[in-house]
Amino acid sequence: MSTTLIKGGLVISATDEVVADVLVDGEKVAALLAPGSGLAESADQVIDATGKYVIPGGVDAHTHMEMPFGGTYAADTFETGTAAAAWGGTTTIIDFAIQSVGHSLREGLDAWQEKAQGNCAIDYGFHMIISDVHEQSMKEMDVLVGEGVTSFKMFMAYPGVFYSDDAKILRAMQQGTANGALTMMHAENGIAIDLLVQQALAKGQTDPRYHGDVRHALLEAEATHRAIQLARVAGSPLYIVHVSAAEAVAEIAQARDNGLSVFAETCPQYLFLSTDNLAEPDFEGAKYVCSTPLRPKEHQTALWRALRTDDLSVVSTDHCPFCFKGQKEMGIGDFSKIPNGMPGVENRVDLLHQAVLDGHISRRRWVELASTAPARMFGLHPRKGTIMPGADADIVVYDPAAEQVISAETHHMNVDYSAYEGKRITGKAQTVLSRGEVIVHDGQYSGRPGRGNYLTRSTCDYL
Ligand code: URP
Ligand code: ZN
Ligand code: ZN
């Protein structure tokens, strides 16, 4: 097996920072060595990381490659989306397989395996979206947990599509309590939102910015509160996805203060973008339509604080890109027909590094939020999310001084716009190793579809 020595970088983990050499043997980390150990001569390959950070590859626990939504499909395939992820320093994704109404969980999982297998450039796992709760699908949950699909997303939004009522949610949570799964929740009161959508459209309020108005922050907070109470009744752990409202953060913080196993994530779009973007003229606001929606800037203070206090434990992208031309445009004249979702899988690690420079989080917290915590949350640690002997050698040599301007002209996601167009940031992945193989180096990509492995996952490490 070939060996690689990553020499002289500052190795950063969720807890420590140390200048060290990292020895990789085949697909695994073999050792962390004091600098100058003399191994440079004998390693098959040496990567000089002097002046750079050496961090575990990013784990993006929330992506939607090729997701069907509103009569179209997310524009990134598993092939294009995982390559873009690698460019941005992410070496693992967890995507969402979908059970549609009238079909089994197994059918959904098989369909998503079919899309992903042979196409991913980096390792990947699946959560399962449950849209049809009945005794058979509950039995299937147990089987999937045994096979390494250990988290299940449910929707309090999107009536008639993914929506589950409270009884169905409670029933699935009970099953999760018994089989060890983590219930993930899209917490928005979709029934109330749909009323507000109809009222807005009837008043001629058709522009993208009304998407933000009707998906009211209190309807996120209410659903978050309800999900927490249902989880308490079921005795189930809970993970709230894509939290954007300060009022929802307050519900989560209170639950955690009360000792409940409630966890949550936010996404870069809620930290760096706002309703100002949704209000951009000439239908440009459609680029920023996602659910939960972007909020007024004031909410960001609460999100950053919660990231520091761990009331928000993970930053995922909810990467679900739709091109402006032909896809977002489906909602011209009716904001409710704009496919919901935004691109970002390539930008997350860099935007969070920018947050370090901006003083929001520490370097170690950057590594924790982007890699270690999602790996632990979703049963991938210590294989992923850490640089220690025995871990997969998913490693990023990160240049903290590299300047870049984010743009659709230069990004690798299969989407015709960037949500961060023109944003100047400092920091960039220089070299990316996935299971010991260099797949990005100095602006050259050497990954290939199919080299990514499917990941069976253990249960949540925080329980
Ligand atoms: O707008 C979003 N978030 N689209 C993807 C589906 C979801 O709810 O996560
Ligand atoms: Zn969602
Ligand atoms: Zn999502």
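Keep in mind that what you see is a predicted model, and the values were worked out from it rather than measured. Both counts, for ligands and for their atoms, begin at 1 and track the order of listing.
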Please could you name the atoms of ligand 1 that [X] approaches to less than 4.0 Å, counting only its heavy atoms?
{"X": "H64", "answer": "5 (C), 6 (C), 7 (C), 9 (O)"}
{"X": "H186", "answer": "8 (O)"}
{"X": "D318", "answer": "2 (C), 3 (N), 5 (C), 9 (O)"}

Centroid-centroid under 6.0 Å between [X] and [Y] rings:
{"X": "F126", "Y": "F96", "value": "no"}
{"X": "F69", "Y": "Y158", "value": "yes"}
{"X": "Y288", "Y": "H211", "value": "no"}

Query raised in the report: Applying a 4.0 Å heavy-atom criterion (strictly less than), which segment of C290 is in contact with ligand 1: side chain, backbone, both, or neither?
Result: both

What is the name of the N/O/S atom of [X] that is nearest to the Zn ion (ligand 3)?
{"X": "H62", "answer": "NE2"}
{"X": "D318", "answer": "OD1"}
{"X": "H64", "answer": "NE2"}

Query raised in the report: For ligand 1, is there an atom lying under 4.0 Å from some heavy atom of F155?
Result: yes

Query raised in the report: Any heavy atom of H62 sitting closer than 4.0 Å to ligand 1?
Result: yes

Report task. Provide the atom name of the closest N, O or S atom of H242 relative to the Zn ion (ligand 2). Result ->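 Sorting the N, O and S atoms of H242 by distance to the Zn ion (ligand 2) puts NE2 first.
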
Query raised in the report: Side chains of Y124 and T63: do they bring a donor and an acceptor to under 3.5 Å?
Result: no

Requested in this report: For the Zn ion (ligand 2), decide whether K153 has an N, O or S atom at a distance under 2.8 Å.
Outcome: yes

**Report entry** Heavy-atom nearest neighbour in the protein, as seen from atom 7 (C) of ligand 1, with distance rounded to 0.1 Å
**Finding:**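 Of every protein heavy atom, K153 NZ, 3.4 Å lies nearest to atom 7 (C) of ligand 1.
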
Query - Nearest-0.5 Å distance, CD of residue Q269 to CG of residue N277 - result: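 One gets 11.0 Å once the value is rounded to the nearest 0.5 Å.
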
